[in-house]
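Working notes, structure below.
A note on names: the letters A, B, ... follow the listed sequences, proteins ahead of strands, and every chain is numbered from 1.
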Amino acid sequence: MAQFWKPGTEKPRLLDDGEGGVLFFSSSYSSSSGFGFSSTEKQRQRLPVYKYRTAILYLVETHATTIIVGETGSGKTTQIPQFLKEAGWADGGRVIACTQPRRLAVQAVASRVAEEMGVKLGEEVGYTIRFEDLTNPDVTRVKFLTDGVLLREMMDDPLLTKYSVIMVDEAHERSISTDMLLGLLKKIQRRRPDLRLIISSATIEAKSMSTFFQMSKRRRALEGETFEPKVEPAILSVEGRGFNVQIFYLEEPVSDYVQSAVSTVLSIHEQEPPGDILVFLTGQDDIDAAVQLIVEEGQNDRKRSELIILPLYSGLSRAEQDLIFSPTPRGKRKVVISTNIAETSLTLEGIVYVIDSGFSKQRFYNPITDIESLIVAPISKASARQRTGRAGRIRPGKCYRLYTEEYFINEMPAEGIPEMQRSNLVTCVIQEPMISKMILASGELGCSEEIMTIAAILSIQSIWASSRGAQKELDEARLRFAAAEGDHVTFLNVYKGFLQSNKSSQWCHKNFINYQAMKKVMEVREQLRRIAQRLGIILKSCERDTTAIRKAVTAGFFANACQLEAYSHNGMYKTVRGSQEVYIHPSSVLFRVNPKWVIYHSLVSTDRQYMRNVVTIDPGWLTEIAPHFYQQRQLSHMPH
DNA sequence: GAGCACTGC
């Protein structure tokens with residue numbers, strides 16, 4: 001058993017005075033009395049970040065980059081933009097920006113800040129996320145946005161000239177777009193000494209962030225007499241406002257963390273006072289198995305009926321996810337069994353006990369084979385702390401780690417590998433080149449209306465409704481739309497039906513289509529249509545000429561062509577590019593159909609490499625449409 | 001016979 005941090009007391013602080021640039025403020029700075037202020041104002045003053053107001057403003061004034069380390073509950077995200085505004089950083093038509101990795105967070109924080117400032121959202125305080133721009137360029141002074149949107153803005157205005165301060169929040173998550181943004185912002189700083197950056201991070205990893213933003217000696221030598229901010233980043237640490245969480249480790253490692261998690265749930269329920277339980281497992285399989293086990297093992301338990309067991313992962317429908325947020329009835333105990341979604345994206349109130357398996361599914365990318373795969377891998381210390389923190393939001397909690405303390409200390413990596421090092425960066429550098437090529441080709445082939453629809457649907461996770469417990473019905477529904485040419489053409493049938501139903505949610509429900517996904521498809525399609533129109537692509541329908549459609553897909557995705565192995569009995573294909581063994585994904589309408597030649601949209605790698613979303617092609621099109629790629633390749637069994 | 005989590009004109 002070990003003691004976790006106790007926020008607000010003796011938290012270790014940063015810590016480097018060597019180069020003079022790293023500053024440290026103690027938390028003994030006292031806040032002024034709230035007398036005479038409104039209740040909102042008093043609430044603001046109670047947030048831990050409030051007592052650092054002067055320090056933060058001083059650092060931002062004097063340093064090009066300020067790194068703020070603050071745990072959840074410190075209030076940094078909502079308060080710092082307001083401090084900046086009050087201090088005049090938005091004067092003269094300038095704008096203060098604050099980025100978030102997730103859309104939901106952008107919306108939530110923006111409306112909270114607008115409320116605190118007593119202004120209407122979309123005016124002085126606004127936000128921009130994809131498909132939704134709630135800002136007014138003339139009056140918006142504090143703007144919240146996803147880091148992806150800011151990256152896009154950079155394409156039109158590379159120096160981001162309208163912003164005076166840019167705060168990058170949740171930088172410790174190291175998402176691809178956050179990392180890209182940080183790299184580009186560093187470049188902008190060289191050209192814009194007036195720009196200030198605030199990097200906000202929840203972990204002590206601030207030191208490497210600081211090293212990154214340290215500017216070169218040469219640049220520093222150029223600093224003239226005119227006032228310029230210090231180039232060394234400042235670091236400030238702000239305590240959070242969580243509760244103490246006691247940590248328990250296993251004495252011996254276990255081989256089956258699902259079983260171990262289940263036993264822990266049942267013994268907490270037997271021995272511990274009321275309070276909800278959150279269990280972190282890796283994926284749907286684990287989670288469903290754990291739910292099943294708890295039900296079975298608890299069958300003879302008189303207290304079993306007090307447990308409300310809820311699975312949680314992104315594949316669940318909106319209604320199923322909403323169950324998680326319903327309040328726990330008196331005398332009951334909620335057990336939420338979740339993937340990583342509950343680590344950062346969703347916050348559950350009322351959790352007192354956390355069980356951490358120590359694993360999550362992570363994406364890895366092999367640049368040689370160009371295959372991304374999802375692998376169950378050990379989490380980092382940073383993730384483990386984040387999971388633990390989920391237990392201390394309403395009162396002191398307990399966290400049960402299903403691994404040994406020795407393992408945590410000596411073997412668990414301090415930080416996860418940044419997403420940037422685990423992904424194919426193509427779409428990050430050039431926005432969706434294959435889709436773009438497909439759309440351009442569709443203009444010439446006269447099927448741009450259809451290809452727009454296909455492109456929009458391919459950009460959505462899945463248009464099919466969640467199938468828990470109704471697998472057969474979903475398969476049957478899918479068959480009703482199935483087209484012999486493959487998934488892409490099947491999508492057109494679904495889209496057509498959706499339009500004919502007048503975009504009805506009941507129709508979606510009846511046909512196992514995800515209504516939310518279809519609404520998003522409409523938005524993406526509209527966005528694509530606007531871009532295509534701007535580029536002068538002729539919008540035209542080919543009226544069911546599936547050859548034109550499949551040729552357009554081939555034009556974009558020629559590199560993903562696969563041929564069925566001549567004597568394959570189990571549906572094995574080989575990629576033309578690298579002779580990789582691949583199979584049609586069971587969710588495809590061509591599963592078990594196994595046509596001779598197909599093009600896939602993406603590969604997913606689990607125990608096998610599966611092709612998701614496949615369409616049949618005529619191999620002759622490959623040399624016709626992409627001769628530069630196929631000329632020198634030897635295509636065995638290629639008819640001529 | 002199968003789906004970690006996000007994001008984007």
Side-chain angles (χ1 to χ4, degrees), chain A residues 99-106 128-133 145-156 170 173-181 280-288 312-316 338-346 357 359-364 372-377 379 383 386 416 419 422-423 427-432 435-436 439 455-456 459-462 464-468 471-472 474-475 478 514 520 523-535 570-571 583-588 591-592 602 604-613:
Chain A
T99 73
Q100 296 289 320
R102 283 171 292 277
R103 296 159 48 103
L104 216 68
V106 168
T128 309
I129 55 181
R130 193 185 185 189
F131 306 129
E132 205 179 338
D133 182 10
L145 64 175
T146 50
D147 28 31
V149 168
L150 193 59
L151 277 175
R152 302 296 317 200
E153 285 190 5
M154 225 178 253
M155 292 184 183
D156 291 331
E170 313 284 2
E173 286 186 22
R174 305 291 312 269
S175 77
I176 287 191
S177 43
T178 304
D179 276 357
M180 286 288 276
L181 191 60
F280 284 102
L281 296 180
T282 64
Q284 189 175 334
D285 282 351
D286 279 1
I287 291 169
D288 290 344
L312 176 62
Y313 41 83
S314 74
L316 295 178
S338 173
T339 61
N340 248 3
I341 193 170
E343 194 178 303
T344 49
S345 312
L346 282 178
S357 65
F359 290 93
S360 69
K361 273 196 189 169
Q362 292 162 36
R363 186 166 55 199
F364 288 90
E372 285 187 335
S373 42
L374 279 175
I375 293 170
V376 174
I379 61 170
S383 276
Q386 177 78 16
E419 192 186 10
R422 296 185 281 117
S423 320
T427 51
C428 205
V429 178
I430 321 166
Q431 303 260 330
E432 303 188 338
I435 294 274
S436 311
I439 293 175
S459 78
I460 301 293
Q461 307 255 352
S462 169
W464 304 106
S466 134
S467 62
R468 260 169 32 88
Q471 191 51 55
K472 228 175 113 199
L474 172 73
D475 283 347
R478 208 181 345 237
N514 181 338
K520 207 167 167 193
E523 288 180 321
V524 178
R525 191 181 187 283
E526 178 54 25
Q527 193 176 46
L528 289 173
R529 203 188 53 77
R530 275 204 308 271
I531 299 165
Q533 217 157 22
R534 210 175 54 208
L535 295 177
N570 61 350
Y583 298 82
I584 292 180
H585 195 279
S587 67
S588 168
F591 177 66
R592 291 218 179 100
S602 63
V604 356
S605 177
T606 48
D607 50 330
R608 282 177 173 181
Q609 322 284 355
Y610 285 106
M611 301 183 272
R612 290 193 63 189
N613 297 327

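Side chain D475(A) to base dG1(B): a donor-acceptor pair is found below 3.5 Å. Between the side chain of E432(A) and the base of dG8(B), at least one donor-acceptor pair of N or O atoms lies under 3.5 Å.
Side chains of Q386(A) and T344(A): a donor-acceptor N/O pair is absent below 3.5 angstrom, by distance only.
Between the CZ atom in F280(A) and the OG1 atom in T339(A) there is a gap of 8.5 Å [rounded to 0.5 Å].
Nucleotide dT7(B) holds its C1' atom 13 Å from the CE atom of M155(A), rounded to whole Å. Rounded to whole Å, atom C1' of dG8(B) lies 13 Å from atom CD1 of I435(A). For the pair R478(A) CZ and dA2(B) P, the interatomic distance rounds to 13 Å; values are reported in whole Å. As rounded to whole Å, 18 Å separates atom P of dC4(B) from atom CZ of R102(A). To the nearest angstrom, C1' of dA5(B) lies 14 Å from CG of D147(A). I341(A) has its CD1 atom 13 Å from the C1' atom of dG3(B), to the nearest Å. Atom CD of E173(A) is separated from atom C1' of dC6(B) by 9 Å (rounded to the nearest Å). L474(A) places its CG atom 13 Å from the C1' atom of dG1(B), with the value rounded to the nearest Å.
R422(A) and E419(A) are not joined by a salt bridge, as no carboxylate oxygen comes within less than 4.0 angstrom of a charged side-chain nitrogen.
Residues R608(A) and T282(A) each lie close to DNA chain B; by heavy-atom proximity, the contact nearer the 5' end of the strand is made by R608(A).
Residue contacts shown for E343(A) are absent, as no nucleic acid heavy atom lies under 4.0 Å away. As judged by a 4.0 angstrom heavy-atom cut-off over every strand, V149(A) is placed among residues touching the sugar-phosphate backbone only. Using a 4.0 Å heavy-atom criterion, one finds that R612(A) contacts no nucleic acid atom at all.
Applying the side-chain contact (heavy atoms from CB on, under 4.5 Å) test to I375(A) and every residue at least two apart in sequence or in another chain returns F364(A), S373(A). The side-chain contact (heavy atoms from CB on, under 4.5 Å) test applied to F591(A) returns I584(A), P586(A), not counting sequence neighbours.
The side chain of Q461(A) sits closest to dT7(B) out of dT7(B), dA2(B), dG8(B). Side-chain atoms of Y610(A) lie closest to dG3(B) of the nucleotides dG3(B), dC6(B), dG8(B). Side-chain proximity of T146(A) to the nucleotides dG8(B), dA2(B), dA5(B) is greatest for dG8(B). The listed nucleotides are dG3(B), dC6(B), dG8(B); the one nearest the side chain of K361(A) is dG3(B). With dG3(B), dG1(B), dA5(B) as the candidates, the nucleotide lying closest to the side chain of Q284(A) is dG3(B). The nucleotide whose nearest atom lies closest to any side-chain atom of V604(A) is, among dG8(B), dC6(B), dG3(B), dG3(B). Of the candidate nucleotides dG3(B), dA5(B), dG1(B), dG1(B) has the atom lying nearest to any side-chain atom of R592(A).
Here S175(A) does not reach the OP1 or OP2 of dT7(B): none of its side-chain N or O atoms lies under 4.0 Å away. The shortest distance between the side-chain N/O atoms of S177(A) and the OP1/OP2 oxygens of dT7(B) is not below 4.0 Å.
Taking the side chain as every heavy atom from C-beta outward, S175(A) and D147(A) approach each other to under 4.5 Å.
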